[in-house]
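Let me begin by presenting the structure, written as structure tokens, before commenting on it.
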Amino acid sequence: MTTVVIVGAGPTGLTLACGLARQGIAVRVVEKAAAFRTGSRGKTLNPRSLEVLADLGLGERLAAAGRTHLPFRKYFGGEFVNETEPFAGARRSTATPYPASLWLPQTRVERLLREKLAEYGVTVELATELVDFTQDDEGVEVHLADGGRISAEYLVACDGGRSTVRKLLGIPFVGEGDPEPLMVCGDVEVEGLDRGAWHQWFGPQGVFMLCPFEGTRRWQLQASPETDADGRAVAPSLESFRRLAALHTGRTDLVLTNATWLSTWRVNVRIAEEYRRGRVLLAGDCAHVHPTAGGLGMNTGIQDAWNLAWKLGHVLRGLAAPALLDTYQEERRPVAAWTLDVTTAGMTNVMAGIGTPGVGVEAGRVGDLTGLSLGYRWSRLAAPGPDGPLRAGDRAPDAVFTGPDGRPARLFEHFAGDHYTLLGFGPGTRPALAGLPAHVRPVLLDDPSDDAHRTYGIATDTLALVRPDNHLALLAPATARQEVLDHLTALR
């Protein structure tokens with residue numbers, strides 16, 4: 001029997017499916033499209049998403065597919081002004097193995113996730129459209145367009161901003177949107193342009209940008225739309241893209257061909273009032289949509305899935321009560337609200353800078369867009385504890401220590417998987433690490449360099465319980481074994 005049905009095969013649905021399948025959960029991913037998407041759409045993974053996907057075993061594959069440093073080459077009125085690189089000073093540290101975003105099109109991210117999912121024996125079911133569903137205390141029945149039925153314990157909607165599931169539930173999608181497109185977008189091939197930078201032409205007539213993709217001939221085009229005699233936006237086309245290129249760049253040597261994806265983007269800032277109703281949950285764009293500034297769309301969805309995967313898996317494996325699922329909305333909806341705020345502010349900054357020479361899309365970087373500082377201190381899952389640089393609910397950083405075999409090891413190596421990790425800082429924690437439940441991995445830290453102690457702000461022997469999504473559940477004294485067990489028991 002199917003245990004979880006996921007509707008939508010974008011990055012959110014695929015990350016969730018991998019996270020569940022890794023736990024042995026029987027999952028089906030249904031996608032109404034008849035073929036996989038080819039448009040680039042999102043094009044960056046931020047450092048936190050890279051940590052998530054590396055935990056799923058995709059770190060090396062992603063690194064080989066994309067690039068981490070991309071200069072922003074900026075022009076005004078067709079003339080070169082300056083070049084900046086937002087992650088030029090980013091350096092890997094023991095606490096942060098991915099200090100910079102990775103540039104690669106969403107289609108590649110999806111393909112790699114599908115390959116990982118296939119390793120668990122799960123494939124995406126194309127041309128399979130949900131048209132209705134029913135639910136009760138025992139489960140959900142999904143109704144398909146071809147008359148088929150799927151019975152499952154839970155349904156998760158990852159079907160985008162126009163979500164059928166959210167509409168069927170009647171959950172309000174509150175916010176506002178602009179009916180007219182702010183940008184036209186597309187994937188094209190370009191001759192006559194250096195592929196070593198993201199070219200950004202700003203000026204009184206609007207914006208025209210071309211971003212290259214590593215290992216391909218493709219560029220993503222984003223531009224202020226061409227307008228007709230009545231002032232209405234002209235639909236995107238290769239011919240229109242060529243006219244826009246000539247208008248904004250003033251160059252005659254640029255040759256645009258092979259437009260494989262054509263789209264428009266409208267300002268839409270909305271959030272679902274609820275993320276869960278009974279046995280149905282919402283994630284990704286189905287639950288929130290926001291401006292493109294800062295590149296947080298794909299990332300926020302991936303991180304929704306990361307939060308939900310371990311919770312849903314632990315409920316289905318009998319390690320936690322269904323009430324744990326209520327913490328998904330409790331933790332992720334405030335993050336989505338923050339995302340709406342910072343991306344709206346970022347888009348406002350970018351639009352205000354269009355008429356200023358030297359301004360580019362980096363003007364949209366408002367706040368910490370790496371995802372590394374986002375945590376859940378307010379959550380009921382964050383146990384009270386001492387004040388310090390790290391507190392329960394925060395992301396648990398990486399660190400180097402001496403492993404059981406005497407060789408250097410990394411905390412992230414021990415975190416990888418769907419278990420809790422109980423870190424013992426100091427020899428006084430050894431008794432607390434014995435005889436733990438099977439889903440809790442004990443790690444006694446031999447830390448002669450004090451790297452892990454410094455990173456976690458710990459000076460005395462201390463226990464740190466890390467959740468399966470690599471956030472701290474509690475920090476407690478070395479003798480507080482019962483506090484750790486009580487925390488785990490409360491989840492049941």
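Keep in mind that the numbers below use all heavy atoms, side chains included, and drop hydrogens, waters and symmetry copies.
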Please check if any side-chain donor atom of E331 sits under 3.5 Å from a side-chain acceptor atom of S379, or the reverse. yes
With a 3.5 Å distance limit and no angle check, can you tell me whether R481 reaches the backbone of A432 through a side-chain donor-acceptor pair? yes
Does a salt bridge link E51 with R395, judged by any charged N lying under 4.0 Å from a carboxylate O? yes
Run the salt bridge (charged side-chain N to carboxylate O under 4.0 Å, His left out) check on R410 and E413 step by step: do they pass? CA-CA 5 Å; R410 303 189 72 91; E413 295 171 1; 5.6 Å; no
Residue among L155, V5, I150 satisfying side-chain contact (heavy atoms from CB on, under 4.5 Å) with L130: L155
Electrostatic pair R270-E176, nearest N-O below 4.0 angstrom: no
What do you reckon, is CZ of R162 surrounded by more than 12 foreign heavy atoms closer than 6.0 Å? no
Please report the C-alpha distance between T292 and M183 in whole Å, then the side-chain angles of each, then the deciding distance to 0.1 Å, and finally whether the side chain to side chain contact (heavy atoms under 4.5 Å, CB included) criterion is met. CA-CA 11 Å; T292 58; M183 287 193 302; 4.2 Å; yes
Please name the pair of heavy atoms, one in G313 and one in L20, separated by the smallest distance, quoted to 0.1 Å. N-CD2, 3.8 Å
Is any side-chain heavy atom of V27 closer than 4.5 Å to a side-chain heavy atom of I6? yes
Stepwise, does the side chain to side chain donor-acceptor pair (under 3.5 Å) test hold for T429 with D461? CA-CA 6 Å; T429 64; D461 288 5; over 6 Å; no
With side chain to side chain contact (heavy atoms under 4.5 Å, CB included) as the test, would you mind laying out the steps for V280 and F133 before giving the verdict? CA-CA 10 Å; V280 183; F133 64 86; 3.8 Å; yes
With a 4.5 Å heavy-atom cut-off, do V109 and L58 have their side chains touching? no
Roughly how far, to the nearest 0.5 Å, is the CG atom of L463 from the OG1 atom of T479? 8.0 Å
Is it true that N299 and S49 share a donor-acceptor pair across their side chains at a distance under 3.5 Å? yes
Please tell me if the side chains of R48 and T370 come closer than 4.5 Å, counting only heavy atoms from C-beta onward. no
Show the numbers, then the answer: is there a side chain to side chain contact (heavy atoms under 4.5 Å, CB included) between L472 and R467? CA-CA 6 Å; L472 286 165; R467 299 172 6 172; over 6 Å; no
Identify the heavy atoms of R218 and T216 that sit nearest to each other, and give their distance. N-OG1, 3.0 Å
Is there a side-chain contact between L372 and L374 (heavy atoms, below 4.5 Å)? no
Anything under 30° is parallel, anything over 60° is perpendicular, the rest tilted; go ahead and classify F425 against Y456. tilted
Over 60° means perpendicular and under 30° means parallel, so classify the ring planes of W103 and W198, tilted if in between. perpendicular
H288: which of T339, T300, D304 passes side-chain hydrogen bond (donor to acceptor under 3.5 Å, both in side chains): D304
Rounded to the nearest 0.5 Å, what's the gap from CG on D146 to OG1 on T128? Could you check? 7.0 Å
Please determine, by modelled atom types, if D368 and S373 share a side-chain donor-acceptor pair under 3.5 angstrom. yes
Between CG on residue L436 and NE2 on residue H419, distance to nearest 0.5 Å: 12.0 Å
Donor-acceptor contact present, side-chain W306 to main-chain D469, <3.5 Å: yes
When every non-hydrogen atom of L444 is compared with those of G424, the smallest separation belongs to CD1-O, 3.7 Å
Between H69 and A100 the two heavy atoms that sit nearest each other are CE1-CB, 4.4 Å
Would you confirm whether T96, through its side chain, and P99, through its main-chain N or O, come within 3.5 Å as a donor-acceptor pair? no
SG on C211 to CH2 on W219, rounded to 0.5 Å: 8.0 Å
Validation row: I302, L45 side chains within 4.5 angstrom (heavy atoms): yes
Determine, step by step, whether R149 and S151 satisfy the side chain to side chain donor-acceptor pair (under 3.5 Å) criterion, reporting the C-alpha distance in whole Å, the side-chain angles of both residues, the deciding distance to 0.1 Å, and the verdict. CA-CA 7 Å; R149 298 285 190 271; S151 295; over 6 Å; no
Is the distance between the ring centroids of W310 and Y328 less than 6.0 Å? no
Look at the side chain of D178 and the backbone N and O of N268, then say whether any donor-acceptor pair between them is shorter than 3.5 Å. no
With a 6.0 Å cut-off on ring centres, are F401 and H414 close enough? yes
Within the distance-only criterion (no hydrogens, no angle test), does the side chain of E125 pair as donor or acceptor with the backbone N or O of V30 below 3.5 angstrom? no
Please tell me whether Y98 and R92 have a donor and an acceptor in their side chains that are separated by less than 3.5 angstrom. no
Under the 3.5 angstrom rule, does the side chain of E273 hit a backbone N or O of P172 as a donor-acceptor pair? no
Heavy-atom check, side chain of V466 versus side chain of H471, under 4.5 Å: no
Pair R266, T264: side-chain N/O donor-acceptor within cut-off below 3.5 Å: yes
For a quick check under 3.5 Å, do K43 and Q220 share a side-chain donor-acceptor pair by atom type? yes
Please check if any side-chain donor atom of T327 sits under 3.5 Å from a side-chain acceptor atom of K311, or the reverse. yes
Looking at D159 and G8, would you say the former's side chain and the latter's main chain have a donor-acceptor pair under 3.5 Å? no
Does R380 reach the side chain of D326, with side-chain heavy atoms less than 4.5 Å apart? yes
Does the distance from a Lys or Arg side-chain N to an Asp or Glu carboxylate O, for R22 and D55, drop under 4.0 Å? yes
Neighbour count above 12 (heavy atom, 6.0 Å) for R217 CZ: no
Looking at N46, is its backbone amide N or carbonyl O close enough to the side chain of T44 to form a donor-acceptor pair, meaning the two atoms are under 3.5 Å apart? no
What are the two closest non-hydrogen atoms of P397 and L411, and how far apart are they? O-CD1, 3.8 Å
Does the side chain of C158 reach to within under 4.5 Å of the side chain of V7, using non-hydrogen atoms? no
Where P322 and Y154 come nearest, the two heavy atoms and their spacing: CB-OH, 4.1 Å
Spell out, as yes or no, whether a donor-acceptor pair under 3.5 Å connects the side chain of D394 to the backbone of G375. no
Under 3.5 Å, side chain of Q329 to main-chain N/O of Y275, donor-acceptor pair present? yes
Can you confirm whether the side chains of Q23 and R317 place a donor and an acceptor under 3.5 Å from each other? yes
Do we see a donor-acceptor contact under 3.5 Å between the side chains of T94 and D451? yes
How many angstroms lie between OG1 in T134 and CZ in R279, if you round to the nearest 0.5 Å? 12.0 Å
Intermediate values then yes/no, salt bridge (charged side-chain N to carboxylate O under 4.0 Å, His left out), E119 and R61: CA-CA 14 Å; E119 294 175 14; R61 295 185 224 180; 2.8 Å; yes
CD of E141 to CG of D132: how many Å apart, nearest 0.5 Å? 9.5 Å
